[in-house]
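The structure displayed is predicted, hence computed values, not measured ones. Each chain gets a letter, A, B and so on, in the order the sequences are listed, and its residues count up from 1.
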2 protein chains.
Amino acid sequence: MRKNTLSSLIWLRMARFTHQSNLLSNEFLKQFGITAAQFDVLNQVSIYQPITQSQLAVKATVSEGGISRMLTRLEQEGYIQRKQDWKTKWISLTAKGENKMEEAFEHQLAFQTSIVNECLTKEEQKTLYTLMTKLQKNTELKIKSSRT
Amino acid sequence: MRKNTLSSLIWLRMARFTHQSNLLSNEFLKQFGITAAQFDVLNQVSIYQPITQSQLAVKATVSEGGISRMLTRLEQEGYIQRKQDWKTKWISLTAKGENKMEEAFEHQLAFQTSIVNECLTKEEQKTLYTLMTKLQKNTELKIKSSRT
DNA sequence: CCTTATCAATTTACTAGTCAAGTGACAGCG
DNA sequence: CGCTGTCACTTGACTAGTAAATTGATAAGG
């Protein structure tokens with residue numbers, strides 16, 4: 001039997017947790033008629049609007065092609081609008097999109113919070129956040145340098 | 001501006017890290033001609049073989065439909081074989097699959113390990129693993145109970 | 001025997017993502 | 001005035017996943 005390192009076990013736990021919590025989020029958000037990925041993008045738009053597609057792709061850590069497809073879906077649903085200006089398209093929420101976020105944001109936040117609160121103390125959460133930030137900032141750098 | 005909780009920030013960091021490290025893994029594994037998802041499944045098969053598809057779906061935290069497609073791809077590539085026995089199909093690695101894992105396993109492990117080692121001390125890694133395990137075990141339970 | 005239930009696996013229709021090639025509009029140079 | 005480059009975005013071909021309906025083989029009852 002092959003031997004694993006502590007690091008690889010951490011990777012596995014993280015991948016499993018992320019995948020599973022995504023399933024739970026999707027199930028939870030079904031009542032609002034949106035998916036976890038859509039919530040994520042709508043949330044980024046609501047924070048940074050108006051924002052260009054390429055900037056939004058960076059914020060959502062998704063490729064330009066990916067954000068293009070996602071926005072097509074969200075536009076069809078009437079949650080966002082794209083305003084062409086020169087070669088750039090500026091993205092913002094429609095009234096319907098604002099309402100949807102108004103409706104869903106707090107519930108989704110409470111949902112995520114309750115899952116974490118159930119098994120970690122405040123102190124543990126702080127520690128986890130610090131460690132995750134270190135890790136994620138590091139991979140972010142690697143991603144950027146690999147795209148040069 | 002909407003206020004986030006510590007928990008939701010943890011979720012976001014985790015989602016971003018997982019996504020980005022998946023991109024890096026895919027890039028790294030390109031030299032072996034497999035993807036990170038394929039590596040994951042091949043690894044589970046190598047540990048538990050012979051294993052049925054539904055058991056494998058649980059190990060890889062993927063739906064039955066998902067594992068069916070994935071195995072079709074891996075079978076086409078010649079990495080695994082399915083032996084029909086009654087209504088069950090038993091999955092195991094072919095010689096080619098064994099060789100591929102022999103070739104890729106240690107490198108992938110070293111790759112994952114180096115990324116974590118770069119930014120966290122051994123002590124921090126232990127802490128992170130403990131916290132992640134608590135979290136993941138909890139969502140695992142929730143997933144199971146939601147499927148009843 | 002024939003029907004029905006069961007259960008693993010598959011298929012269908014979908015979202016979500018990747019990379020890489022293609023489009024379209026403008027900018028600037030000769 | 002036209003060619004060429006650039007830049008934002010889109011599209012095509014793909015992997016990877018989901019939920020839900022379907023298939024196919026076997027066991028069990030009437």
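A straight line from CD1 of B:Ile91 to P of C:dA8 spans 14 Å, rounded to a whole angstrom. The distance between atom CG of B:Leu42 and atom P of D:dT15, rounded to the nearest whole Å, is 15 Å. Taking atom CD on B:Glu64 and atom C1' on C:dT6, their separation rounds to 14 Å, with Å as the unit. Between the CD1 atom of B:Ile67 and the P atom of C:dC7 there is a distance of 21 Å, given to the nearest Å. One can place CZ of B:Arg82 at 16 Å from P of C:dA8, the figure rounded to the nearest angstrom. To the nearest angstrom, C1' of D:dA16 lies 14 Å from CZ of A:Arg16. Between the CD atom of A:Gln84 and the P atom of C:dA25 there is a distance of 8 Å, rounded to whole Å. Between B:Gln44 atom CD and D:dA16 atom C1' the separation is 16 Å, expressed in whole Å.
The side-chain tip of A:Lys59 points at the ring of A:Tyr48 from less than 6.0 angstrom away and within 45° of straight on. A cation-pi contact, defined as under 6.0 Å to the ring centre and within 45° of the axis, links B:Lys96 to B:Tyr79.
For the residue pair A:Arg13/A:Ser8, the side-chain donor-acceptor check at 3.5 Å is not satisfied. There is a side-chain donor-acceptor pair under 3.5 Å between B:Thr52 and B:Gln55.
For A:Phe105, there are no ring-ring contact (aromatic ring centres under 6.0 Å, His included) partners two or more places apart in sequence or in a different chain.
Considering only side-chain N and O atoms, A:Gln55 lies nowhere under 4.0 angstrom from the phosphate OP1 or OP2 of D:dA8. Note on B:Ser54: a side-chain N or O is less than 4.0 Å away from OP1 or OP2 of C:dA9. Residue B:Lys30 places no side-chain N or O under 4.0 Å from the OP1 or OP2 atom of C:dC19.
Applying the 6.0 Å contact sphere to CD of B:Glu140 captures more than 12 heavy atoms from other residues, nucleotides or ligands.
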Between protein and nucleic acid, restricted to nucleotides 13-17 of chain C and to nitrogen or oxygen atoms under 3.5 Å apart, what atom pairs and distances do you find?
residue	atom	partner	partner atom	Å
C:dA13	N6	B:Arg69	NH2	3.1
C:dA16	OP1	A:Thr35	OG1	2.2
C:dA16	OP2	A:Gln38	NE2	3.1
C:dA16	OP2	A:Arg73	NE	2.9

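Annotation: A:Phe28 is not in aromatic contact with A:His107 [ring centroid separation under 6.0 Å not met].
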